[in-house]
There are 2 protein chains.
Amino acid sequence: MKSIIEILKEHDIAPSMQRVKILEYLRNYKTHPTADMIYQALVDDIPTLSKTTVYNTLKTFTEKGILLALSLFENEVRYEYNKDPHIHFKCMKCNKIYDLNHSFDHYNDNLVDGHKILEHHVNLKGICKDCLKVEN
Amino acid sequence: MKSIIEILKEHDIAPSMQRVKILEYLRNYKTHPTADMIYQALVDDIPTLSKTTVYNTLKTFTEKGILLALSLFENEVRYEYNKDPHIHFKCMKCNKIYDLNHSFDHYNDNLVDGHKILEHHVNLKGICKDCLKVEN
DNA sequence: TTCAACTTTGTACCGGTTACAAAATTGAAA
DNA sequence: TTTCAATTTTGTAACCGGTACAAAGTTGAA
């Protein structure tokens, strides 16, 4: 697997310690974390870490295409390491977010009603497998 | 067409002046406005209008199923008068939001990977028809 | 007419995010 | 190796969408 430093360099980003740790976290934990969750997870390791750094770094990574910024169903941005095409499902009961391997890539780079589609975000909402079990 | 007052009564909502004007605005202007846009549009007409009233009213309407609250691509909620199933497209250049008449209703009330789907939100992003013309 | 229930309003506050300037770090030229 | 400009990080203050709350206003049925 490519090293974090390699990935950063490929995207013209200087591999500072903070940037390496943040990207490492996002690659390891696929939990669609918020900026604050990332900050909380790393501040023990980097006691001087500033939230502004986390926000700046996530912005940079997103602009350079390393991360995807998700507007899921609440009023906060969540981030994920860019990977195979998938869609999101959020459980209305336990609030867990699942990745589903359904692709809508037939949209991308195509025209729909004359509009050129560059990104697609499919967000499903309902009751997840596990919560369905508990209900019955 | 049903009157605004009828619609409110059908949903067990007392038709106050503020509520009528807010719903009227949303039914007339299909621009997916934010709470603040609605406030700005109505405050000349109702000089004592409070933003809290707009927020309260939108919350009530959404709970009663008159409106849909959309988490589109930014960090602010946008509202629309509930109508035929459709998906959203946002132009990355002019920021206009279009409704597209594509239905994904085959999802609803079905199981996907064992999860029960109750809502689906499909948000496309790209360059709209009009901006494509200007580009060339 | 009365009065309780409901609605609206204004203020203060909250939490996620950004602006900004100072401090720290880096890395390439000398 | 030293220097110094460019980059990165940090902390504080501010911004902005949204909510809590209590007071004031309005409504409608007894």
Side-chain angles (χ1 to χ4, degrees), chain A residues 4-5 8-9 11-25 31-64 66-80 95 97, chain B residues 4-5 8-9 11-25 31-64 66-80 95 97:
Chain A
I4 295 292
I5 290 177
L8 290 174
K9 283 183 178 163
H11 288 85
D12 292 316
I13 299 169
S16 74
M17 192 248 283
Q18 289 83 345
R19 286 167 174 172
V20 169
K21 297 270 186 186
I22 289 170
L23 185 51
E24 202 165 52
Y25 182 84
T31 51
H32 314 86
T34 61
D36 191 65
M37 289 171 188
I38 296 169
Y39 172 80
Q40 295 301 337
L42 296 182
V43 71
D44 286 343
D45 203 12
I46 315 170
T48 64
L49 184 63
S50 157
K51 272 196 194 176
T52 304
T53 300
V54 177
Y55 280 105
N56 289 343
T57 304
L58 293 171
K59 196 182 173 199
T60 304
F61 287 179
T62 303
E63 283 168 0
K64 300 280 188 175
I66 302 184
L67 299 182
L68 275 185
L70 309 175
S71 284
L72 293 175
F73 310 99
E74 282 105 27
N75 241 14
E76 61 189 357
V77 180
R78 288 166 175 269
Y79 294 87
E80 72 179 354
N95 291 320
I97 296 166
Chain B
I4 296 291
I5 290 178
L8 290 174
K9 284 184 178 165
H11 289 85
D12 291 317
I13 299 169
S16 75
M17 193 248 285
Q18 289 83 342
R19 286 167 174 172
V20 169
K21 297 271 186 184
I22 289 171
L23 185 52
E24 201 165 52
Y25 182 83
T31 52
H32 315 86
T34 62
D36 191 65
M37 289 172 186
I38 297 169
Y39 172 81
Q40 296 302 337
L42 297 181
V43 71
D44 287 343
D45 202 13
I46 316 170
T48 65
L49 184 63
S50 158
K51 272 196 194 176
T52 304
T53 300
V54 177
Y55 280 106
N56 288 344
T57 302
L58 292 171
K59 195 180 174 199
T60 305
F61 287 179
T62 303
E63 283 168 359
K64 300 280 188 175
I66 300 184
L67 299 182
L68 275 186
L70 308 176
S71 285
L72 292 176
F73 311 98
E74 284 106 26
N75 241 13
E76 60 188 359
V77 180
R78 288 168 174 269
Y79 294 87
E80 71 180 355
N95 291 320
I97 296 166

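All values below were derived from every heavy atom in this structure, side-chain atoms included, with hydrogens, water molecules and symmetry-related copies excluded.
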Evaluate the side-chain contact (heavy atoms from CB on, under 4.5 Å) criterion for residues A/Phe61 and A/Arg19: first the C-alpha distance (whole Å), next the side-chain angles of each, then the deciding distance (0.1 Å), finally the verdict. CA-CA 9 Å; A/Phe61 287 179; A/Arg19 286 167 174 172; 4.0 Å; yes
B/Thr34/B/Met37 under side-chain contact (heavy atoms from CB on, under 4.5 Å): CA gap, chis, key distance, verdict: CA-CA 5 Å; B/Thr34 62; B/Met37 289 172 186; 3.2 Å; yes
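As rounded to whole Å, 15 Å separates atom P of D/dC16 from atom OH of B/Tyr39. In this structure, NZ of B/Lys59 is placed 15 Å from C1' of C/dT7, rounded to the nearest angstrom. In this structure, the CG atom of B/Leu8 is 15 Å from the C1' atom of C/dC6, given to the nearest Å. Whole-Å rounding puts the B/Gln40 CD to D/dC16 C1' distance at 13 Å.
The ring pair (Phe, Tyr, Trp, His ring centres under 6.0 Å) search around A/Tyr39 returns none, not counting sequence neighbours. For A/Asp45, the side chain to side chain donor-acceptor pair (under 3.5 Å) criterion is met by A/Lys21, not counting sequence neighbours. B/Tyr55 pairs by the ring pair (Phe, Tyr, Trp, His ring centres under 6.0 Å) definition with nothing, not counting sequence neighbours. Every side-chain contact (heavy atoms from CB on, under 4.5 Å) that B/Thr60 has, sequence neighbours left out, goes to B/Ile13, B/Lys64.
Put simply, CD1 on A/Ile97 and CG on A/Leu70 are 8.0 Å apart, with the number rounded to the nearest 0.5 Å. Here B/Leu68 contributes atom CG and B/Ile66 contributes atom CD1; the two are 11.5 Å apart, rounded to the nearest 0.5 Å.
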Protein heavy-atom contacts under 4.0 Å, written 5' to 3' over nucleotides 3-13 of chain D as B (base), S (sugar-phosphate only) or - (none), form the string -----SSBBB-
Sugar-phosphate means primed atoms, P, OP1 and OP2; the rest is base. With that split, encode nucleotides 24-30 of chain D 5' to 3' as B, S or - using protein heavy atoms under 4.0 Å. -------
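Under 4.0 angstrom from either OP1 or OP2 of C/dT18 there lies no side-chain N or O belonging to A/Tyr55.
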